Amino acid sequence: MARKPKEKKPKKQKEVYIPKQGLMGIGEDYHVYYMTRPEKLTGLLIGAAAGLVIGYVFFNNWIVAGLLAIFAAVKIRKPYQDYLHKKRLKSLLLQFKDLLEALSASYSAGMATSKAFENAQGEMIQLYGPESDIAREMQIINVGLQHNLNIEDLLLNFADRSGLDDVNSFANVFDVCNRKGGNLQQIVGDTRKIINDKIDMEMEIQTMVAASKNELNIMMVM
């Protein structure tokens with residue numbers, strides 16, 4: 001009997017990521033990072049310079065160095081994009097920490113939630129400028145409040161788009177407390193303290209790791 005031909009399994013299509021949007025159709029999705037033209041040019045120059053130096057030092061040949069420069073300029077794009085992405089998320093977390101400090105001061109002064117966030121937007125603009133991520137997010141939240149959107153939904157949406165665990169934890173706790181009449185001043189203050197401790201610990205770990213890497217690099221060069 002003739003064997004039946006094996007059925008070909010359909011190839012799995014690569015899932016296309018759909019960026020998340022704000023409740024009003026505006027707002028950044030911090031899970032992805034799109035490089036600007038100057039950043040792309042900077043990445044190309046860094047890769048080309050590194051490839052040129054390595055090629056000439058190890059091979060003492062300008063042709064090989066040129067080929068390595070082209071190769072490195074192309075290959076460095078993704079690592080450089082990942083570096084900029086992590087840098088942006090780290091900056092957003094630090095900005096969020098200062099936001100909590102501003103909110104804590106506003107709640108201590110007896111301000112209502114809407115007034116506290118409006119005041120916090122002004123402070124974030126003074127600290128980081130109107131084009132900073134945190135200032136834009138505060139603008140989105142305050143515009144949403146003016147359109148009668150719930151502050152809990154606005155914060156949860158920001159947390160979902162940010163991808164930061166600390167922002168997500170704060171938004172969920174704020175949601176529960178605000179709906180059930182909890183002490184928002186204490187919640188904001190406790191969250192700020194936890195984030196401060198976490199950032200300090202991460203900086204100590206990074207310092208220790210960087211020192212170890214520097215020692216290893218010195219030994220390799222020697």
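Along the sequence shown, residues are numbered consecutively beginning with 1. These numbers come from the heavy atoms of this one structure, side chains and all, not from hydrogens, waters or symmetry mates. Just so it is clear, the structure is predicted and the values come from calculations on it, not from any experiment.
At a cut-off of 3.5 Å, with distance as the only test, a side-chain donor of Tyr33 or Glu39 sits close to an acceptor on the other residue. Checked by atom type, the side-chain pair Asn119/Glu123 shows a donor-acceptor distance below 3.5 Å.
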Discussion item. Working note: Gln95 + Ser91, criterion side chain to side chain donor-acceptor pair (under 3.5 Å); need CA distance, chi angles, decisive distance, verdict.
Written reply: CA-CA 6 Å; Gln95 293 173 16; Ser91 176; 3.1 Å; yes
Practice prompt. Check the pair Lys78, Asp82 against salt bridge (Lys or Arg N to Asp or Glu O under 4.0 Å), reporting the backbone distance first and the verdict last.
Written response: CA-CA 6 Å; Lys78 187 64 171 63; Asp82 292 340; 2.9 Å; yes
Worksheet item: Can you list the steps and then say if Ile151 with Asn178 is a side chain to side chain contact (heavy atoms under 4.5 Å, CB included)?
Response: CA-CA 9 Å; Ile151 181 64; Asn178 196 43; 3.4 Å; yes
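Looking at Phe170 and Leu155, their side chains come closer than 4.5 Å, going by heavy atoms from C-beta outward. Counting heavy atoms from C-beta outward, Asp166 and Lys198 have side chains that approach closer than 4.5 Å. For the pair Thr113/Tyr107, a side-chain contact is recorded, criterion being any heavy-atom separation below 4.5 Å from C-beta on.
Nearest heavy-atom pair across His31 and Ser162 is CE1-C, 4.4 Å.
Cluster annotation: Leu68 is not connected to Val74 through the hydrophobic network of ILVMFWY side chains, with a link wherever side-chain heavy atoms come within less than 4.5 Å.
Within the 3.5 Å criterion, the main-chain N or O of Leu23 finds no donor-acceptor partner in the side chain of Asp153.
Considering Glu137, Lys20, Arg88 as possible partners of Tyr30, the one that fulfils the side chain to side chain donor-acceptor pair (under 3.5 Å) test is Glu137.
Salt bridge Glu131/Arg136: present, at least one basic N to carboxylate O contact under 4.0 Å.
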